Q: 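Sharing a structure below in structure tokens format, with a few things to ask.
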Amino acid sequence: MKTLKNKIAVALSALFLMGVLAGCNKTFIDTTYAFDYAYVELPNGTVVEGKVQSWKDFDDGDQIQVTIDGKTYLTNSTRVVLVTR
């Protein structure tokens, strides 16, 4: 039983260390990001920027939904820059 507890402790420590060393932009346990400003490139080339009211990314693709000044933009992740000031 003691060996099993040691193995579990080592495995959890390794997972934590991998998260720290990876330099990822999120914490190990809580994966909530907080962004307060965004730049969104529209299809015609203009850029909308402003304070983020809400945003959401989708697990099954690379789409991001961002709401700025009451308008919601659904776009590809390559056309959005989310900023924490």
Side-chain angles (χ1 to χ4, degrees):
M1 188 68 168
K2 187 174 180 181
T3 305
L4 178 62
K5 287 182 182 179
N6 287 342
K7 288 181 182 180
I8 291 173
V10 169
L12 290 175
S13 296
L15 284 173
F16 178 74
L17 186 58
M18 286 188 326
V20 170
L21 293 177
C24 54
N25 189 17
K26 59 184 171 182
T27 59
F28 182 68
I29 296 172
D30 183 12
T31 59
T32 302
Y33 298 96
F35 298 107
D36 52 6
Y37 204 81
Y39 301 88
V40 180
E41 181 185 10
L42 301 180
N44 66 2
T46 60
V47 175
V48 175
E49 64 178 277
K51 186 174 178 358
V52 173
Q53 294 170 320
S54 67
W55 72 278
K56 177 181 178 170
D57 63 343
F58 299 90
D59 291 334
D60 61 345
D62 58 354
Q63 292 182 328
I64 294 182
Q65 178 179 310
V66 180
T67 302
I68 300 171
D69 295 329
K71 292 186 179 182
T72 302
Y73 303 92
L74 179 64
T75 187
N76 186 289
S77 62
T78 61
R79 298 187 177 271
V80 176
V81 176
L82 296 168
V83 180
T84 302
R85 292 185 170 187

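Quick caveat, the model's predicted, so the values are computed rather than measured. Worth knowing before you read on, the calculation uses all heavy atoms, side chains too, and leaves out hydrogens, waters and symmetry mates.
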Q: Which residues pass the side chain to side chain contact (heavy atoms under 4.5 Å, CB included) test with Asp36, sequence neighbours left out?
A: Arg85
Q: As an exercise, state the distance from OG1 of Thr75 to CD of Gln63, rounded to the nearest 0.5 Å.
A: 8.5 Å
Q: The criterion is side-chain hydrogen bond (donor to acceptor under 3.5 Å, both in side chains); which residues satisfy it with Asp69, sequence neighbours excluded?
A: none
Q: Just to verify, what does Tyr37 make a side-chain hydrogen bond (donor to acceptor under 3.5 Å, both in side chains) with, not counting sequence neighbours?
A: Glu49
Q: If you look at every heavy atom in Ala38 and Val52, which pair is closest and at what distance?
A: CB-CG2, 3.5 Å
Q: State which residues pass side chain to side chain contact (heavy atoms under 4.5 Å, CB included) with Gln53; sequence neighbours excluded, sorted by chain then number.
A: Thr67
Q: Only one of Val80, Thr72, Asp57 clears side chain to side chain contact (heavy atoms under 4.5 Å, CB included) with Gln65; which?
A: Thr72
Q: Does Asn76 have any side-chain hydrogen bond (donor to acceptor under 3.5 Å, both in side chains) partners at least two apart in sequence or in another chain, and if so, which?
A: Asp62, Thr78
Q: Any chain of hydrophobic side-chain contacts (each under 4.5 Å) joining Phe35 to Tyr39?
A: no
Q: Using the rule that two of Ile, Leu, Val, Met, Phe, Trp, Tyr join whenever any of their side-chain heavy atoms come within less than 4.5 Å, decide whether Val47 and Val81 are in one cluster.
A: yes
Q: Taking the side chain as every heavy atom from C-beta outward, state whether Val66 and Leu82 have any pair of such atoms under 4.5 Å apart.
A: yes
Q: Taking side chain to side chain contact (heavy atoms under 4.5 Å, CB included) as the test, write out the residues that go with Thr46, two or more places apart.
A: Leu42, Asn44
